[in-house]
Amino acid sequence: MEKEKHYIITTYTENQVGLLSTVAGLFTRRSINIDALRVFPSGIPGVHKFVVKTTTSEAKARAIVLNLEKKVDVIKSFCYVDNEDFNKELKEVADYIQERENNNN
Amino acid sequence: MNQEQMTGSQILLETLIAEGVDTIFGYPGGSIMPVYDKLYDYQDQLRHILVRHEQGAIHAAQGYARTKGFPGTVIVTSGPGATNVLTGVADAMVDSTPVVVIAGQVSSALLGTDAFQETDLIGMTNPITKSSYQIRKTEDIAWAVSRAYFIASTGRPGPVVLDFTKDAQVGKAAFKYEKCNFIRSYISKPVVDESKIDEAVKMLDASTRPFVVYGQGILQSGAEKELTDLLEKGDIPAGSTLLGLSALPSDNPHFKGMLGMHGSIASNVLSQQADLILAVGMRFDDRVTGKLDTYCKNAKVIHIDIDPSELGKNVPVDLGIVADAKDALSRIVAKMARKERKAWLNSDQHCNEVEMQKVIIPETQGTADTINPGEVVATVAEVCGQDAIILTDVGQNQMLGARYSRFKRSRSFISSGGLGTMGFGIPATIGAKVAALDRKVCLFVGDGGFQMTSQELGTIMQEQLGVKLVLLNNNWLGNVRQWQELFFKERYSATRMINPDFEKIAQAYGIGRVLVEKREDLRPAVERMFADDKPFILDVHITEANMVFPMVPPGKAVSEIMLNSTEWYK
């Protein structure tokens, strides 16, 4: 099995009712969890932006992007491997909490 | 421009006519009644075929679309009318068939209240359509309908669903029609990357054993000539997917038969021996590739498809080209070197001899008391001069219909491929005949699939459509029975069928029917069937335990081929 990593998938769409379920459906069908989701106006008039954080393989992440772009109302979709520092940061916080609890002071 | 105020229903019908629609397959009901009322005034411009069940409407529209190369149109009511078309919508999606479904919906004020015959059609169709859209305003109708036909018929074609609220149907607005030919978020025809064409030409010229695998994309882009030119210029053999059949005439020397599970031995063996696979307008379905990690391991792969998400989806590609098949092939043909590869082109003789002796002769020249289904298909091909539009249902009838039919003209084979929808046959045949009244249209269907949509015999009767229904009747669900015999220790669970008296059914609908039980009666009966242009049921009682071979069993490489229950291809 391919190694799983965090990916950030951003998608720019027309402002169309029901697109959220379309976007979510593409993940559901492939049994990929959405770890985080944000939807907001992109800054370009009439264009919405979806940002999805997910944990999957690179092949699946790329397939999601291509299938998002296949949707008529999707303008563009991009995929980024999650920033390594982001995970370091998370671990640092977790370690910090652990340390605090262990020392209990 | 006409600024006259019209009702939404009239705007819909005017837009359909402007888009070139001449036929509607449909069924009326509460939420679509304003449209049907207006249709009364448009009977001379729009032919409405009243089906007996909405599933029949969508499959008929699919048969129409695939015969004509123009989107099929379906009008149904909300709720059950809409849910009854879902199977066909899913079928059209996976087989890339252009259809537009216009479904009534309750008034927009009632949406979400569980009103009578309200369903969330957009929610249900989202994953199985190319696009679905709810029309809630009369002013949006012309725009939404024109857009639907544009989306359905361009790019990789597919189904579009319009959920049409009743208040939009009865509201009034000016008719402002403008043909849609651009959507900024949608690419209808990709721009071909010429550097990739150059790379493909280089790979093709360097190859000693190239093999072309093609699919329905050839038919949909009208690339039959370009494909023929490519094969001739490079002495290249080619295999077709199920849905690509009839893109090349059956007697084209480059055509090596159908690919995959029940394909020809030659096509499957050549795809494993090739050093280059050029795939065009096809999607490497698992029925075509067999066990994926053993498929064409000796070959480099060039994949041309209009849908970027298909490239590398199943088979890793060395070169992927996003393009319309006709566009890409014509560029490749212009640049490629003329090459002689006769030895490679004709290297399939052993395959063909084995297939002829071990499979084709036993199947089509039976000697037992009962008739083999393959004999029936071959006889039909002979009698109709290899020039009928052949449809199949799903199962053994489909594989034999595909294997033993012969084609001269393109767009002459229609079957439910990706979804494998039993019951597709009878209604799809109705649609094909409506689209090609001047041609012979013939269906091969099993006794199982026949009974799934046999209510459409009523439509055939009412419209007096000269369709020829060949019932390959063995009182079994034959394909499942075959798998039970081969892979489930002969445990025949729920595959035996007690059938009705088909004679009486045919009689009730006023459709001619002949029963054939003996070999000597077969040919005269087929000749009788094609003697006129009236509907006809040919009920052939076939060998009960007949099995379709050759067969690449599930999970095997495509070069591991069963010739019969005991022998394998060597």
Got B:R147 and A:V72 here, is their nearest side-chain heavy-atom distance under 4.5 Å? yes

Salt-bridged, B:D305 to A:K70, with N to O below 4.0 Å? no

Drop me the distance from A:L66's CG to B:D307's CG, to the nearest 0.5 angstrom. 8.5 Å

Using side-chain contact (heavy atoms from CB on, under 4.5 Å), reason through A:Q16 and B:Y133 one step at a time and then give a plain yes or no. CA-CA 9 Å; A:Q16 196 67 257; B:Y133 184 80; 3.5 Å; yes

Considering non-hydrogen atoms only, spot the tightest contact between A:G46 and B:R184 and give its length. O-NH2, 4.4 Å

Enclosure of A:R30 CZ (heavy-atom neighbours >12, cutoff 6.0 Å): yes

Less than 4.5 Å to any heavy atom of chain B: does that hold for the side chain of A:V74, its backbone, both, or neither? backbone

Going by heavy atoms in the side chains, are A:K71 and B:K130 under 4.5 Å from each other? no

Under 4.5 Å from any heavy atom of chain B - which part of A:V17: side chain

Does CD1 in B:I187 sit with more than 12 non-hydrogen atoms of other residues, nucleotides or ligands closer than 6.0 Å? no

I need the B:S309 OG to A:E69 CD distance, nearest 0.5 Å. 10.0 Å

B:D293 atom CG: more than 12 heavy-atom contacts under 6.0 Å: yes

Chain A heavy atoms under 4.5 Å from B:T129: which part of the residue, side chain, backbone, both or neither? backbone

Is the number of heavy atoms from other residues, nucleotides or ligands within 6.0 Å of NZ (B:K179) greater than 12? yes

Can A:N67 and B:K313 be said to form a side-chain contact (heavy atoms from CB on, under 4.5 Å), step by step? CA-CA 11 Å; A:N67 280 281; B:K313 185 183 82 176; over 6 Å; no

Decide yes or no for A:S21 and B:N126: does some side-chain heavy atom of the first lie under 4.5 Å from some side-chain heavy atom of the second? yes

Less than 4.5 Å to any heavy atom of chain A: does that hold for the side chain of B:I122, its backbone, both, or neither? neither

